[in-house]
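Okay, so here's the structure we're looking at.
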Amino acid sequence: MLKNNVVVITGGAGLIGQEFVKAVVENGGVAVIADIDKNVGEKTKNKLSDELNTKNIDFVKLDITSKRSLQECIKKLDREYGKINALVNNAYPRNKNYGKHFFDVEYDDFVVNVGLNLGGYFLTSQQFAKYFKKQKYGNIINIGSIYGVVAPRFEVYDGTSMTMPVEYTAIKSGLIHLTKYMAKFFKGMNIRVNTLSPGGILDAQPKTFLEKYKKECLNKGMLDKSDLKGTFIYLLSDMSKYVNGQNIIVDDGFTI
Ligand SMILES: NC(=O)c1ccc[n+]([C@@H]2O[C@H](COP(=O)([O-])OP(=O)(O)OC[C@H]3O[C@@H](n4cnc5c(N)ncnc54)[C@H](O)[C@@H]3O)[C@@H](O)[C@H]2O)c1
């Protein structure tokens, strides 16, 4: 499905990013882990290359909030591959105060976290789209969330220390509309932009939370990270050639 396609995955060393890297390679593409954490990024590259017995995984250190870092990354990839087929905005930057309950969030932290994440997704898209425009094609996938679509079901967090941060809602709902803005702005440039909005992904969460969350879903509840692969590859491939500006939700029905 992605033969020789060069796909850049920001935050590619993280929980979901690693799965996206695998999916790209399994479908014949070259996956570039573009992550701020050099140590984890290189380890991930080596681990997944061994696991999949492939030479088609690359690592580039990238900070999605730095124009210079983005420009260097794009230059390096252009030198190495002569093309970039797709960008997957998947990184998850946040500061040390991220994740507090609504009444405890300070204005400065709200602004910083929205800036790092939504601002970073904007900046990364802007810089890659400049390259895509020259190249005359490109594909951007923004990783959203169910919480960009519906208000949180706060009751699922009762009895745990978890919450759904207010910044996240602002970031992910903004991202869905940013996707539409960019898709339309790129009219005639052969660059498409879509959002993939996952439901919660299993990652050793407390049992009480998992049970309550499952009640909001239709069959499975929290998803395995590999459950996103099909939709991810669909959006990267020509099978979705004229799907543009859309938000595809993969959540076992949580949002309906
Ligand atoms: N985990 C879930 O349940 C879930 C559900 C829905 C959506 N999502 C979305 O999926 C995406 C990935 O989430 P995850 O859970 O895999 O996160 P994660 O924290 O496991 O991984 C995020 C990665 O981003 C990297 N990163 C952080 N700041 C960066 C920066 N400035 N530049 C480049 N890389 C940076 C980190 O080093 C890390 O490797 C996010 O957009 C998240 O909102 C996650």
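Just so you know, ligand 1 is whichever comes first in the structure, and atom 1 is the first atom listed for that ligand. Predicted, not measured: the structure shown is a model, and the values here were computed from it.
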Looking only at heavy atoms, the pair that brings K100 and V105 closest together is O-CG2, 3.8 Å
If we number the atoms of ligand 1 from 1 as shown, the ones under 4.0 Å from a heavy atom of I16 are 1 (N), 4 (C), 8 (N), 10 (O), 16 (O), 44 (C)
Atom 6 (C) of ligand 1 has as its nearest protein heavy atom P198 O, 3.5 Å
So for N89 against ligand 1, with non-hydrogen atoms under 4.0 Å, the contacting part is neither
Ranked by distance from atom 20 (O) of ligand 1, the top protein heavy atom is L15 N, 2.9 Å
Closest to atom 32 (N) of ligand 1 among protein heavy atoms sits I64 N, 3.1 Å
Open item on the list: Under a 4.0 Å threshold between the charged nitrogen and the carboxylate oxygen, would E155 count as salt-bridged to K212?
Closed with: no
Under 4.0 Å from one or more heavy atoms of I143, ligand 1 contributes atoms 9 (C), 10 (O), 11 (C), 41 (O)
heavy-atom search around atom 8 (N) of ligand 1 in the protein gives Y168 OH, 3.5 Å
In terms of relative ring orientation, are Y181 and F185 parallel, tilted or perpendicular, with 30° and 60° separating the classes? parallel
heavy-atom search around atom 31 (N) of ligand 1 in the protein gives D63 OD1, 3.0 Å
Quiz item: Could a heavy atom of R94 be found less than 4.0 Å from some atom of ligand 1?
Solution: yes
Nearest non-hydrogen protein atom to atom 13 (O) of ligand 1, with distance, is Y92 CD1, 3.9 Å
Test side chain to side chain donor-acceptor pair (under 3.5 Å), reference T195, set N89, N142, T179, output is T179
- Message: Please determine whether ring pair (Phe, Tyr, Trp, His ring centres under 6.0 Å) holds for the pair Y137 and F132, giving the CA-CA distance in whole Å, both sets of side-chain angles, and the decisive distance to 0.1 Å.
- Response: CA-CA 5 Å; Y137 63 87; F132 290 156; 7.5 Å; no
### Message
Quick one, V7 with F20, criterion side-chain contact (heavy atoms from CB on, under 4.5 Å). Give me CA distance, side-chain angles, the key distance, then yes/no.
### Response
CA-CA 10 Å; V7 180; F20 288 160; over 6 Å; no
So the atoms of ligand 1 within less than 4.0 Å of a heavy atom of Y121 turn out to be 41 (O)
Ligand 1 contacted by G144 (non-hydrogen, < 4.0 Å): yes
Nearest non-hydrogen contact to atom 36 (C) of ligand 1 from the set D37, I9, D35 belongs to D35
The atoms of ligand 1 lying under 4.0 Å from a heavy atom of G14, numbered in the order shown, are 20 (O), 21 (O), 39 (O)
Under 4.0 Å from one or more heavy atoms of G199, ligand 1 contributes atoms 5 (C), 6 (C)
Among D251, L70, N90, the residue with a heavy atom nearest to atom 40 (C) of ligand 1 is N90
The answer for which part of Q18 has a heavy atom under 4.0 Å from ligand 1 is neither
Q. Could a heavy atom of T10 be found less than 4.0 Å from some atom of ligand 1?
A. no
For A13, the atoms of ligand 1 under 4.0 Å from one of its heavy atoms are 39 (O)
All heavy atoms of L118 vs all of I171, minimum pair found to be CD1-O, 3.6 Å
Within the 4.0 Å heavy-atom cut-off, what F20 brings close to ligand 1 is neither
Tested for ring pair (Phe, Tyr, Trp, His ring centres under 6.0 Å) against Y157, the lone hit among F209, Y213, F102 is F209
### Message
Could you go through Y168 and Y92, starting from their C-alpha distance and side-chain angles, then the distance that decides it, and tell me whether this counts as side-chain hydrogen bond (donor to acceptor under 3.5 Å, both in side chains)?
### Response
CA-CA 10 Å; Y168 198 70; Y92 195 172; 4.9 Å; no
| query | Quick check: does any side chain N or O of N27 sit under 3.5 Å from a backbone N or O of L2, one acting as donor and the other as acceptor? | reply | no
Ranked by distance from atom 3 (O) of ligand 1, the top protein heavy atom is I201 N, 3.0 Å
shortest atom 26 (N) of ligand 1-to-protein heavy-atom contact is with I36 CG2, 3.8 Å
**OP:** Compute the minimum heavy-atom distance from K172 to ligand 1 and say whether it is under 4.0 Å.
**Re:** yes
message: Less than 6.0 angstrom from the centroid, inside 45 degrees of the normal: does R153 satisfy that with respect to the ring of F254?
response: yes
